[in-house]
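Comments concern the structure below.
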Amino acid sequence: MVKEKDYFVLVSERPSLNGSPDDIVEQTLKISDTGLAWFATRTARQKETGRGYHEKYVSRIGEWRAEILLRMTDRVKQRAEFPSGDRPYMLTRHWESSGDKIVVGQQNGVPILWQADRSLDLTEMYQRFLPFHDIWAFGRCMPLPQMNWKERIHQFAEDWIDLLNQRESNPKRFWLHFIGLGHECAESGFYMDTGKEFRKRYPDCFDVDECDYLEELISSIDDRELIGSAIFSMWRYKTHWETFDGSIIWSDNAQKWFLLLFQRLEEMTRPAAAKNVL
């Protein structure tokens, strides 16, 4: 069994609504660098006795997703005061054998600074990454103030399919947008990891000159976060690392590589009704 070195535990408490010992009064969420997410609830009676759980779930979200949530959660700030109606939550962050505890407030709608200095709604990322429902601290039972994240990513993919398809007829428009693609990826919540995870899962596919191989596998790639990360990382490579003079090398293969991933992202985030029509 892999020993965890890096994890956090978030404990959410609330008073019993009607004084019943069977009311759920505590939630515990744990995310570990081993790739496991653990969520449990306790009733007032179980919390008092310290024995048993009302519900307990374990989900394997993978080391890559866990690492992203760990890094994002590091951006959560200590809270000293709480507005009326808000409740404090205890967040314990562990590194190796040590742990730091901070008191945080409800995170629904609270932005954190993420890659490219873009603000990101942490609640949204928990909705995207975790299968658990109604996490009090992250407002899982409350609607997000912005339009649904899947709709936003779908629109993002559609826009880029259009830009890529019109690159030759309107190159100025394409290149003006391509320079800002990294910021769009960051605003969409995607993680730039230099292509590390994409290479790990799909060897040779993070290479525009192997786009024919990518085309064979594209329908089997079913992780939209990984697709967004690959696009973000390839954009970074093309604009910052491929050359030393700031120029961008473009080819038919590069065109095809980006188009394949954006088309797959569009397909995966397409509304169910639209999928049924096709």
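Under a hydrophobic-cluster definition in which Ile, Leu, Val, Met, Phe, Trp and Tyr are linked whenever side-chain heavy atoms come within less than 4.5 Å, directly or via other members, Tyr213 and Phe262 are assigned to the same cluster. Phe244 and Met234 fall into different hydrophobic clusters, where Ile, Leu, Val, Met, Phe, Trp and Tyr residues are linked whenever their side-chain heavy atoms come under 4.5 Å apart, directly or through other members. Criterion: ILVMFWY side-chain heavy atoms under 4.5 Å apart, direct or through other members. Under it, Trp250 and Leu176 are not part of a common hydrophobic cluster. Val25 and Phe132 fall into different hydrophobic clusters, defined by Ile, Leu, Val, Met, Phe, Trp and Tyr side-chain heavy atoms under 4.5 Å apart, directly or through other members. Using a 4.5 Å cut-off between side-chain heavy atoms of Ile, Leu, Val, Met, Phe, Trp and Tyr, with links allowed through other members, Ile249 and Leu259 fall into different hydrophobic clusters.
Under a 3.5 Å cut-off, the side chain of His177 and the backbone N or O of Arg173 do form a donor-acceptor pair. No donor-acceptor pair closer than 3.5 Å links the side chain of Trp149 to the backbone N or O of Ser188. Of the possible donor and acceptor atoms, one in the side chain of Asn165 sits under 3.5 Å from a partner among the backbone N and O of Ile161. A donor-acceptor pair under 3.5 Å is absent between the side-chain atoms of Ser32 and the main chain of Leu36, judged by distance alone. A distance-only check finds no donor-acceptor pair linking the side chain of Ser229 to the backbone of Phe190 [under 3.5 Å]. Asp212 places no side-chain N or O within donor-acceptor distance of the main-chain N or O of Glu216, the cut-off being under 3.5 Å. Without hydrogens or angle criteria, Thr41 side chain to Glu55 main chain gives a donor-acceptor distance under 3.5 Å. No donor-acceptor pair closer than 3.5 Å links the side chain of Ser233 to the backbone N or O of Ala230. With Arg199 contributing its side chain and Thr194 its backbone, the two residues share a donor-acceptor pair below 3.5 Å.
Remark: of the listed residues Arg270, Gln263, Arg264, Arg264 is the sole one forming a side-chain hydrogen bond (donor to acceptor under 3.5 Å, both in side chains) with Glu267.
For the pair Lys30 and Tyr7, the cation-pi criterion (under 6.0 Å, within 45° of the ring axis) is fulfilled.
Here the side chains of Asp33 and Glu63 are not in contact, with every heavy-atom distance at 4.5 Å or above. Using a 4.5 Å heavy-atom threshold, the side chains of Asp204 and Leu214 count as separate.
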| For Thr28 and Leu10, what are the C-alpha separation, side-chain angles and deciding distance, and is it a side chain to side chain contact (heavy atoms under 4.5 Å, CB included)? | CA-CA 6 Å; Thr28 300; Leu10 176 69; over 6 Å; no
Next on the checklist: Apply side chain to side chain contact (heavy atoms under 4.5 Å, CB included) to residues Arg51 and Gln46 and explain how you reach the verdict.
Outcome noted: CA-CA 5 Å; Arg51 299 175 61 183; Gln46 289 166 335; over 6 Å; no
Quick one: do Ile179 and Ile248 satisfy side chain to side chain contact (heavy atoms under 4.5 Å, CB included)? Show the steps, please. CA-CA 10 Å; Ile179 296 302; Ile248 297 174; 4.1 Å; yes
- request: Check the pair Ile231 / Cys185 against side chain to side chain contact (heavy atoms under 4.5 Å, CB included), numbers first and verdict last.
  value: CA-CA 8 Å; Ile231 291 170; Cys185 289; 4.1 Å; yes
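Sorted pairs that involve residues 243-252 and meet salt bridge (charged side-chain N to carboxylate O under 4.0 Å, His left out), not counting sequence neighbours, are lacking altogether. The salt bridge (charged side-chain N to carboxylate O under 4.0 Å, His left out) analysis of residues 39-48, with sequence neighbours excluded, yields the pairs Glu13-Lys47, Asp22-Arg45, Glu26-Arg42.
Classification of Glu225 and Arg65 as a salt-bridged pair fails, no side-chain N sitting under 4.0 Å from a carboxylate O.
To the nearest 0.5 Å, atoms CG (Leu260) and OG (Ser219) are separated by 10.5 Å. Atom CD1 of Ile135 and atom CG of Leu130 lie 5.5 Å apart (nearest 0.5 Å). The distance from the CD1 atom of Ile227 to the OG1 atom of Thr269 is 9.0 Å, given to the nearest 0.5 Å.
Evaluation of the salt bridge (Lys or Arg N to Asp or Glu O under 4.0 Å) rule for Glu184 yields no partner, not counting sequence neighbours.
Using the six-membered ring where Trp is involved, Phe178 and Phe174 have ring planes that are parallel, under 30° apart on the 30 and 60° scheme.
The distance between the ring centers of Trp38 and Tyr53 falls below 6.0 angstrom.
Ile221 approaches Met268 most closely through the heavy-atom pair O-SD, 3.7 Å.
Using modelled atom types and a 3.5 Å distance limit, the side chains of Gln255 and Arg167 yield a donor-acceptor pair. Side-chain N/O atoms of Asp193 and Trp64 include a donor and acceptor closer than 3.5 Å.
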